[in-house]
Engineer: 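This is the structure, below, for whatever I ask next.
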Amino acid sequence: MVIEEETKDIEEQLTRLAPGTEARMLALLKLEVLCTTRGDIAAALNYTTEAEEIARSIGSEEHVTVLLVHKANQLKILGDSSGALKSYFEGLELAEKRKDKKLQARLLYSMSDIHVTLGDSERGLKNCETAKQLFEEIGDDEGIILSELGMLGALLHLKRAVDFHKITAHLQQRIDDNTTLSPSRKTDFKGVIQQQLATYYHSTGELDKALLSFKKCLELFKSINDHRVPIIYLSIGNILKEQGNLNEALQWLNDPLLENCPYREAQVERYNYISYIYEQLNDTHHALKYYKLFHEQVEEINANDMKRQIDAAMYKKEIEAERRRKEEVEREKKRADELLYNILPEEVALELKQKGTAGARHFDDVTVFFSDFKNFTTISEKLTPQQLVDELHECFSAFDNIMHKYNIEKIKTVGDAYLAVSGLPVANPNHAVDIINAAIEIQQFMKERSNRRGNTEGLYQMRVGINSGSVVAGIVGIKKFAYDIWGDTVNTAARMEQNSEAGKINISQTTYQLVKDKFNCAYRGEIEAKNKGKMKMYFVEFS
């Protein structure tokens, strides 16, 4: 009575609320909940549908997600499996976008039994496993139990008896040990386990064990006034019928609880069982009576079977559409990752993806490489823009490959200048040696390229400058961001390059101290460097 009065009050309020407003949407949500509570699912679906339209029109993604879940659950109860799956998929996509792990898990769990019903038990099992993983990540004990209960149904259909019994034993212990579940919730879960066990024993022909489990289930469900009690009566009557206990079976099948059961499919099975029993008892009159009742439902059964076939076909289309969507998402994610890794060091890119930001870091021991081309401005004036880009692309692509070989991080190119650093973001005790080896290979590449193509216009000679020390590295900007390095070490490397010569590798005193035992170096003396004063410099000797 309280629910009916509350429903009338809200319906009256609804007449005064303007269409398409948030207030109307919230009122519709309340009505939908009330209708669901009193079992009027069709009316609840109507309210949900209107509320969803409003939520979309006002751009409330949170409410759209919630309403999609409600809509899917309602369609599932009403037998529209394909419609339910469509709403579940859309809700799942929004939940993933919002990074709502709990809702993702609930949706995957809710979808699993539809998959099983439509013959895709493997997918149903996978959904429950993924749901369990998500529930574990957020520490939702009840969700973990729910997902494992869902796994039992899938394992039954897949005939994986060992896994079924393993999870059953584990589940019973988990429920007993849980201190957060209410007594009624524990009873509900234990009842479901007994129902699944009974179904398993029935499938293996162990009728005594099946009967015992169904009776345990009935006791548990009765204690919490569960709506599944009539279904258990039906199952017990069927087991007794198969055991040949016909009169006892009739008592269970004619119990008022089952006789008044609102589930039409359960009534159809009941008529069939009772007709069979009376036939075995040679009671033709009652056998015919219940056969007629059963037969009256045959057309509806056939219609339901046809609907299931249509649902199965729609299900396959939905699954295929979902598969294509996920593949496209994965392709786009892969493209985005590849682009990010091309722009940033892998460790920095991973930090940016996980946290949404990457802080600047100080590195004590690195070596910085600077290079540019001799007479670049003069040469570039004699080339077309495309020729100039092609020349730089060929050279810098070769530099990139050489740097990658020695795990050196390319920072950037500016015009004809190339900047790289060894020893970050991952420390490298051989940072100075590695970068000089790379510099030697780059100079050799330039020499071979010049010899191969002839000393014609557009072929460059290159200066290299190298310095070692500490730098600060990090991301700059919020759009078209770039990874860069700063500090006096970088400035000094630039001075080394400016005071180098074509085809040479000029290194600072600091770098020389790190590599003097690995390379032959020619001391150049103290040379004036812009804004730095006199600095000791060395040429690395190589053939």
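Starting from 1, each residue takes its place in the sequence as its number. What's counted below: heavy atoms across the whole structure, side chains too, no hydrogens, waters or symmetry copies.
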Engineer: If you apply the rule side-chain contact (heavy atoms from CB on, under 4.5 Å), what do you find for Thr367 with Ile408, and how did you get there?
Structural biologist: CA-CA 10 Å; Thr367 299; Ile408 296 168; over 6 Å; no
Engineer: When rounded to the nearest 0.5 angstrom, what is the spacing between CD in Gln509 and NZ in Lys516?
Structural biologist: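 NZ of Lys516 is found 8.0 Å from CD of Gln509.
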Engineer: For the pair Thr21 (side chain) and Ala18 (backbone), establish whether a donor and an acceptor sit closer than 3.5 Å, ignoring hydrogens and angles.
Structural biologist: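 Between the backbone of Ala18 and the side chain of Thr21 there is a qualifying donor-acceptor contact (under 3.5 Å).
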Engineer: Please report the C-alpha distance between Ile505 and Phe539 in whole Å, then the side-chain angles of each, then the deciding distance to 0.1 Å, and finally whether the side-chain contact (heavy atoms from CB on, under 4.5 Å) criterion is met.
Structural biologist: CA-CA 6 Å; Ile505 301 169; Phe539 278 144; 6.0 Å; no
Engineer: Is a side-chain N or O of Thr511 found less than 3.5 angstrom from the main chain of Ile507, in a donor-acceptor match?
Structural biologist: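 Side chain of Thr511 to backbone of Ile507: no pair is present.
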Engineer: Using 0.5 Å steps for rounding, measure from the CG atom of Leu424 to the CZ atom of Phe363.
Structural biologist: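 One finds 5.0 Å between CG of Leu424 and CZ of Phe363.
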Engineer: A side-chain contact here means heavy atoms from C-beta on lying under 4.5 Å apart; do Phe399 and Met446 qualify?
Structural biologist: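 The answer is yes, as the side chains (C-beta and beyond) meet within the 4.5 Å cut-off.
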Engineer: Going by heavy atoms in the side chains, are Glu497 and Asn506 under 4.5 Å from each other?
Structural biologist: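 Not touching, per the 4.5 Å side-chain cut-off.
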Engineer: Under 6.0 Å from the ring centre and within 45 degrees of the ring axis: does the NZ or CZ of Arg463 meet both conditions for the six-membered ring of Phe373?
Structural biologist: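 Not flagged: Arg463 not positioned over aromatic ring of Phe373.
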Engineer: Between Asp390 and Gln386, does any side-chain donor sit less than 3.5 Å from a side-chain acceptor?
Structural biologist: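 Judged by distance alone, the side chains do pair up.
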Engineer: Tell me whether Gln498 at atom CD has more than 12 heavy atoms from other residues, nucleotides or ligands lying less than 6.0 Å away.
Structural biologist: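 Yes.
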Engineer: Start with the C-alpha gap between Arg524 and Lys536, add the side-chain angles, then the distance that decides, and say whether side-chain contact (heavy atoms from CB on, under 4.5 Å) holds.
Structural biologist: CA-CA 7 Å; Arg524 301 179 63 197; Lys536 292 180 179 180; over 6 Å; no
Engineer: Between His157 (side chain only) and Gly153 (backbone N and O only), is there a donor and an acceptor less than 3.5 Å apart?
Structural biologist: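 A pair under 3.5 Å: yes.
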Engineer: For Lys532, is there an ion pair with Asp488 - N to carboxylate O distance below 4.0 angstrom?
Structural biologist: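 Yes.
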Engineer: Determine whether the aromatic ring centres of residues Phe396 and Tyr418 are separated by less than 6.0 angstrom.
Structural biologist: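 Yes: the rings meet the under 6.0 Å criterion.
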Engineer: Rounded to the nearest 0.5 Å, how far apart are CG of Leu28 and CE of Met25?
Structural biologist: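 If I round to the nearest 0.5 Å, the distance is 9.0 Å.
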Engineer: Less than 4.0 Å between a side-chain N and a carboxylate O, is that true for Lys97 and Glu61?
Structural biologist: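 Salt bridge present between Glu61 and Lys97.
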Engineer: With side chains defined as the heavy atoms from C-beta onward, is the minimum distance between His115 and Glu122 less than 4.5 Å?
Structural biologist: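 Contact flag for His115/Glu122 side chains = no.
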Engineer: For the pair Tyr523 and Tyr538, name the ring-plane relationship: parallel under 30°, tilted 30 to 60°, perpendicular over 60°.
Structural biologist: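 Ring orientation of Tyr523 relative to Tyr538: tilted.
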Engineer: Roughly how far, to the nearest 0.5 Å, is the OG atom of Ser147 from the CG atom of Asn127?
Structural biologist: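 Reported value, rounded in 0.5 Å steps: 11.0 Å.
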Engineer: Quick check: are there more than 12 heavy atoms from other residues, nucleotides or ligands sitting under 6.0 Å from CG of Asp177?
Structural biologist: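 More than 12 within 6.0 Å, yes.
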Engineer: Could you check whether atom NE2 of His404 has more than 12 heavy atoms from other residues, nucleotides or ligands sitting under 6.0 Å from it?
Structural biologist: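 Open.
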Engineer: Output yes when a side-chain donor or acceptor of Thr48 lies under 3.5 Å from a complementary backbone atom of Lys71, and no otherwise.
Structural biologist: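 The answer is no, because no donor-acceptor pair under 3.5 Å joins these two groups.
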Engineer: Do side-chain atoms of Ser508 reach the backbone of Asn467 as a donor and acceptor pair under 3.5 angstrom?
Structural biologist: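 Not at all, since once roles are kept as given, no pair shorter than 3.5 Å links the two residues.
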Engineer: Can you list the steps and then say if Ile114 with Tyr88 is a side-chain contact (heavy atoms from CB on, under 4.5 Å)?
Structural biologist: CA-CA 11 Å; Ile114 297 181; Tyr88 278 137; 3.7 Å; yes
Engineer: Output yes when a side-chain donor or acceptor of Ser87 lies under 3.5 Å from a complementary backbone atom of Ala84, and no otherwise.
Structural biologist: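 No: the side chain of Ser87 does not pair with the backbone of Ala84.
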Engineer: Roughly how far, to the nearest 0.5 Å, is OG1 of Thr130 from CZ of Arg123?
Structural biologist: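 Going from the CZ atom of Arg123 to the OG1 atom of Thr130 covers 9.5 Å.
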Engineer: Keeping Lys186 on the side-chain end and Asn178 on the backbone end, is there a donor-acceptor pair under 3.5 Å?
Structural biologist: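 Here the side-chain-to-backbone pair exists.
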Engineer: Give, for atom CG of Leu125 and atom CZ of Arg160, the distance between the pair rounded to the nearest 0.5 Å.
Structural biologist: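 Taking CG in Leu125 and CZ in Arg160, the distance rounds to 5.5 Å.
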Engineer: I'd like to know whether NZ of Lys504 has more than 12 heavy-atom contacts from other residues, nucleotides or ligands below 6.0 angstrom.
Structural biologist: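 No, the 6.0 Å shell around NZ holds no more than 12 heavy atoms from other groups.
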Engineer: Determine, for Asp163 against Lys166, whether the closest basic-nitrogen to carboxylate-oxygen distance falls under 4.0 angstrom.
Structural biologist: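 No salt bridge links Asp163 with Lys166.
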Engineer: Donor-acceptor pair, Gln443 side chain versus Ile440 backbone, under 3.5 Å?
Structural biologist: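 Such a contact is absent between Gln443 side chain and Ile440 backbone.
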Engineer: Are Arg56 and Glu90 within salt-bridge range, i.e. N to O under 4.0 Å?
Structural biologist: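 Counted as a salt bridge, because a side-chain N and a carboxylate O are separated by less than 4.0 Å.
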